[in-house]
Amino acid sequence: MNPWVATVGHELRSAGRERLPQLLLMIFIGMTAASAFIGSAAKATVTEVYNAAAGQGLTGAPNPFGNVPPLYYARNTVIYILLIGALLAIVNGVQSAMRDRRARTVDLVLTRRLTPASYLSAKMAGISLGLLAVLGTSALISAACISAVTGTIPAPDQLLRLTELFGVAWLFLLFFVALGMVSGIHASSYTSALLVPIVIWSVIIFVLPLLGTAVHPVSLLNPVTPPTAPQTGIFALTAALTGPLSLGEHFKHVAAILLQDPQATGTMTGGITVILAFLLAGIGAVVLTGRPSMRKEIHD
């Protein structure tokens, strides 16, 4: 068997035996399944309040939930991808790299017809295929839950948009897989291997967007398009510097357009470009790792 293909298969089997990724996987799929029902409960609550207000003559405005698209019920999934999905990707990447270092099998593996770049790319390909299977399952569950909530099967164009959302999510999460692998390769202990990428994730997802906006921190947990920063003052400067690095906000913007959020404006081009740039940088950092880095001992 081709060594590269064998490494991909081994990575898939090894990842399936790890307990922490399995726990995060179950939480992620469970929250994805619950997303549509959470959205349905929110709609029912708002509609009930609206009907009470309209019945008392307190409002003549139309019901804000009177004509929401079916994909509205998948909005919360975006946040679960940002939070649970990214952590799942990081943990898988870290454990993939640390597994070899703990077993000290790198020297043996590299005696085969594999360069360090080929070996690491095969490991990342194995994790990527596993992650793709997870997201594919989540997409099917999400579509089934939307059908259950709305009482109708989403139209083909809506199913295509949902598929595209999880496809973009796959590209988004692969960067965090690479981040976890790089940390697992270079860290001196398992604790630091997990801690460093989680800190970087929190900076990218939460800190950088706050530096470029004046919004409340909790608002970053909403699956809405990024708020517009003021055009003058310190926020104009920080938004110009941190905007391209706010990976999570770019993903949310692309997701909002795919899910037909009425607040979403612009195009997906910029967001997709940023996601791909982060992914290419992460892959480059993984495959350019040399043999000495892969042979480092762990000091737990």
Side-chain angles (χ1 to χ4, degrees), residues 24 27-28 31-32 35 38 71 74-94 128 131 134-135 138-139 142 161-162 164-183 194-229 235 238-259 261 263-283 285:
L24 290 172
I27 294 174
F28 176 70
M31 293 304 294
T32 300
S35 175
I38 293 172
L71 293 180
R75 293 177 68 201
N76 288 327
T77 301
V78 176
I79 297 303
Y80 304 144
I81 291 171
L82 282 172
L83 301 180
I84 306 171
L87 291 177
L88 173 64
I90 288 173
V91 169
N92 271 322
V94 169
S128 301
L131 193 59
V134 170
L135 292 173
S138 298
S142 183
R161 284 178 172 272
L162 191 63
E164 290 173 346
L165 169 65
F166 281 94
V168 174
W170 183 60
L171 298 176
F172 169 76
L173 294 178
L174 286 183
F175 164 73
F176 293 101
V177 171
L179 178 63
M181 288 188 67
V182 171
S183 180
L194 276 176
L195 181 61
V196 170
I198 290 176
V199 169
I200 295 175
W201 162 78
S202 64
V203 170
I204 292 175
I205 301 300
F206 298 110
V207 177
L208 291 180
L210 285 178
L211 293 177
T213 64
V215 299
H216 194 280
V218 177
S219 66
L220 294 177
L221 293 176
N222 294 327
V224 295
T225 53
T228 303
F235 288 113
T238 55
L241 295 175
T242 63
L245 301 177
S246 300
L247 179 61
E249 295 304 295
H250 287 287
F251 172 68
K252 285 164 60 177
H253 178 66
V254 172
I257 294 176
L258 288 173
L259 295 179
D261 190 322
Q263 302 179 43
T265 58
T267 67
M268 298 185 293
T269 304
I272 295 293
T273 301
V274 171
I275 292 172
L276 291 177
F278 269 82
L279 175 57
L280 291 176
I283 293 175

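Residue numbers start at 1 and run along the sequence shown. Source: prediction; values computed, not measured.
Separation of atoms CG (L165) and CZ (R75) is listed at 12.5 Å; rounding is to 0.5 Å. The NE2 atom of H250 sits 8.5 Å away from the CD1 atom of I275 when rounded to the nearest 0.5 Å. Distance check, rounded to the nearest 0.5 Å: CG of N76 to OG of S142 gives 10.5 Å.
Considering V91, N92, L87, I90 as possible partners of F176, the one that fulfils the side-chain contact (heavy atoms from CB on, under 4.5 Å) test is I90. Partner of I200 under the side-chain contact (heavy atoms from CB on, under 4.5 Å) criterion, out of I198, V203, V196: V196 alone.
Listed for the S183 side chain is no donor-acceptor partner under 3.5 Å among the backbone atoms of G180. At least one donor-acceptor pair under 3.5 Å links the side chain of S138 to the backbone N or O of V134.
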query = Taking it one step at a time, do I27 and Y80 satisfy side chain to side chain contact (heavy atoms under 4.5 Å, CB included)?
reply = CA-CA 9 Å; I27 294 174; Y80 304 144; over 6 Å; no
task = Please test I204 against L245 for side chain to side chain contact (heavy atoms under 4.5 Å, CB included), starting from the C-alpha separation and ending with a verdict.
result = CA-CA 7 Å; I204 292 175; L245 301 177; over 6 Å; no
task = Could you walk me through whether L247 and F251 pass side chain to side chain contact (heavy atoms under 4.5 Å, CB included), step by step?
result = CA-CA 6 Å; L247 179 61; F251 172 68; 5.7 Å; no
task = Could you give me the CA-CA distance, side-chain angles and deciding distance for V182 and L179, then say whether side chain to side chain contact (heavy atoms under 4.5 Å, CB included) is met?
result = CA-CA 5 Å; V182 171; L179 178 63; 5.7 Å; no
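Residues T77 and L259 form no side-chain contact, since every pair of their non-hydrogen atoms from C-beta on lies 4.5 Å or further apart.
Considering all non-hydrogen atoms of both residues, S128 and W170 come closest at O-NE1, 3.0 Å. In terms of heavy-atom proximity, L131 sits nearest to L173 at CD2-CB, 3.6 Å. Here the closest non-hydrogen pair linking R161 and I257 is NH1-O, 3.0 Å. Between W201 and A86, the closest heavy-atom pair is NE1-CB, 3.4 Å. Here the shortest heavy-atom pairing between G248 and I205 reads CA-CD1, 3.7 Å. Nearest heavy atom pair, residue L258 against residue E164, reads CD2-OE1, 3.2 Å.
Note on K252 versus E249: salt bridge recorded, some NZ/NE/NH1/NH2 to OD/OE distance being below 4.0 Å.
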